[in-house]
Amino acid sequence: MAAIKQHINPDVLVWAMKQAGLTRVQLAGDLGTDPATVDAWITGGDAPGLTQLRQISKTLRRPTSLFFSPRVPSQLPLQAAFRSPLGAHGARSLTSEERAELRLAERRQKIAVWAAERLEEHGPVHLPRRMQTPEATAKSVQEWLHWDIASQVKASKSGVTKMVRRSLEDQGVMVIQLSMNSDACRGFSIYSETVPLIGYNSTSQVSAARTFTILHELGHLLSHEQAVCDQPEDSEERWCDRFAAAFLIPESHLRAYLEKYLKVSRVENDDVESVRKISNRYGASFQCVALRLIHLGIASQPLYRAVSSNPLEFDAPAFGGEPQTTHLVRIREYGVTYPRLLLAARDRGKLHDVDARKYLNVNGEQLRSLQQRIAEEV
């Protein structure tokens, strides 16, 4: 029996392919068909069957209903600051996975903004302005976040990540966790006066590197501007790196530690062991430590190369802990800013319970558990 043709709008298909960053040849390969078949769909000379349409929808990460729209969606291009994959340099094109994650993040941010605008007590997030130097900016941000360096040095590396994330969320920043491929970007940020957003990739980074990525992206948000994500400007990336390193490793604190505990005033080019100790002290990644030491004149550039080629940085295995039930998984993925806003809007009659569950991807019981857990963590 011949498949029933699904007469989609070819223009919408072309638009969705462009948004996903896929060529006709790439889409054909992903669908297991030939480019000529895709060409026929694009020109309107033929139409896909239902199974093929479902495959198209899954590949392009769009609902099947979209392809029947009479016109191409009017959507502004995503504007975000991106942190490239480890080892990548210069301009690069976004992958279809990155584009899809960006769209999803932007959609959640819009929902969060909608909820925030309906809550009288939620005003704009007053991000600090950039100061003259990354170091001065780091001090300003530490004050804004009520950051305690003593608590930082007592925490584990994963603990520092949680501290940074929660401190930002307490100020109204939305910090989401992404699970992309290891060759995907390390993170991105999308500016908003109401709910600025930071996303970080949990797949390809150890805990300390995730912390650095979150702070790096915060550095982008502090400019109160948006940046084209696939062509990062080198000086901007260096500034954000220096800001993140200065936040995690204050100069006076570091020099006192070197003098009192390591008994050195300078770290040699191959002294990865000292880098490891400083890393453990501050919950900072090896590369973050090397960058900070080099910028302060405590080490030279070869140390960064030695650290970058060293495979010794890893997270200690975790034992025990709570079972990862759905509501805990959602908190790990969404953070607490997003569910806090939606739950508050629901409680004030601004958002229907059904919609709250849909946007948070939970059922009724899981929503109650989510709300209870968030209340406990305030």
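Hydrogens, waters and symmetry mates are skipped; everything else that's a heavy atom, side chains included, is used.
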Nearest non-hydrogen partners of Q6 and G49, listed with the distance: CG-C, 3.7 Å
Should we say atom CD of E193 is surrounded by more than 12 heavy atoms from elsewhere, each under 6.0 Å from it? no
Cationic N near anionic O, under 4.0 Å, D46 to K5: yes
Quick check against the 3.5 Å criterion: does Q109 have a side-chain atom that pairs as donor or acceptor with the backbone of V195? yes
So does E169 pair up with R166, basic N to acidic O under 4.0 Å? yes
Ignoring hydrogens and angles, state whether a donor on the side chain of S300 or R266 is under 3.5 Å from an acceptor on the partner side chain. yes
Note: A344 and L119 closest approach over all heavy atoms is CB-CD1, 3.7 Å
Check whether any side-chain heavy atom of M131 sits under 4.5 Å from a side-chain heavy atom of K139, and report yes or no. no
S274 to V267 - nearest heavy-atom pair and separation: CB-CG1, 4.2 Å
Is any side-chain heavy atom of Y261 closer than 4.5 Å to a side-chain heavy atom of K277? no
Residues that S156 engages under side chain to side chain donor-acceptor pair (under 3.5 Å), provided they are two or more places apart: S158
Chi angles and distances behind the side chain to side chain contact (heavy atoms under 4.5 Å, CB included) call for D39, R24: CA-CA 7 Å; D39 285 339; R24 46 186 279 281; 2.5 Å; yes
Considering only distance and modelled atom types, tabulate donor-acceptor pairs under 3.5 Å from the side chains of residues 243-254, sequence neighbours left out.
residue	atom	partner	partner atom	Å
E251	OE2	R255	NE	3.0
E251	OE2	R255	NH2	3.2
H253	ND1	Y282	OH	2.8

Report the residue from T337, D355, L360 that forms a side-chain contact (heavy atoms from CB on, under 4.5 Å) with L342. L360
Side chain proximity check, V14 to V72, heavy atoms < 4.5 angstrom: no
Answer yes or no: is there a side-chain heavy-atom contact under 4.5 Å between R165 and Y200? yes
Quick check: does any side chain N or O of T211 sit under 3.5 Å from a backbone N or O of S207, one acting as donor and the other as acceptor? yes
Can you find a side-chain donor-acceptor pair between E236 and H220 that sits under 3.5 Å? yes
Please answer whether the main-chain N or O of W114 pairs with a side-chain N or O of R118 as donor and acceptor at a distance below 3.5 Å. yes
Could you check whether any side-chain N or O of Y338 sits under 3.5 Å from a backbone N or O of Y359, counting only pairs where one atom can act as donor and the other as acceptor? yes
Does I331 reach the side chain of V336, with side-chain heavy atoms less than 4.5 Å apart? yes
Kindly give the heavy-atom pair with the smallest separation between L127 and L221, and that separation in Å. CD1-O, 3.7 Å
Heavy-atom check, side chain of P196 versus side chain of V173, under 4.5 Å: yes
Spacing of SG belonging to C240 relative to CG belonging to L222, to within rounding of 0.5 Å: 8.0 Å
For F67 and A16 the tightest heavy-atom approach is CE2-CB, 3.9 Å
Option from E376, R346, H327 for which side chain to side chain donor-acceptor pair (under 3.5 Å) with Q371 holds: R346
Kindly check if the number of other-residue, nucleotide or ligand heavy atoms within 6.0 Å of CZ (F68) is above 12? yes
Do the side chains of E333 and R330 get close enough for a salt bridge, i.e. N-O under 4.0 angstrom? yes
Before giving the answer on side chain to side chain contact (heavy atoms under 4.5 Å, CB included), spell out for L343 and L367 the whole-Å C-alpha distance, their side-chain angles and the decisive distance to 0.1 Å. CA-CA 9 Å; L343 287 166; L367 184 64; 3.6 Å; yes
Got a salt bridge between D170 and R340, using NZ or NE/NH1/NH2 to carboxylate O under 4.0 Å? yes
Just so I know, are the side chains of V12 and R62 near enough to count as touching, which here means a heavy-atom distance under 4.5 Å? no
For S279 and K157, the nearest pair of non-hydrogen atoms, with its separation, is OG-NZ, 2.7 Å
Ignoring hydrogens and geometry, is there a side-chain-to-backbone donor-acceptor pair from R210 to S202 under 3.5 Å? yes
Does a donor on one side chain sit under 3.5 Å from an acceptor on the other, for Q324 and R332? yes
Do the side-chain N and O atoms of H216 and E237 include a donor-acceptor pair separated by under 3.5 angstrom? yes
Close side-chain approach of H146 and Q171, heavy atoms under 4.5 Å: yes
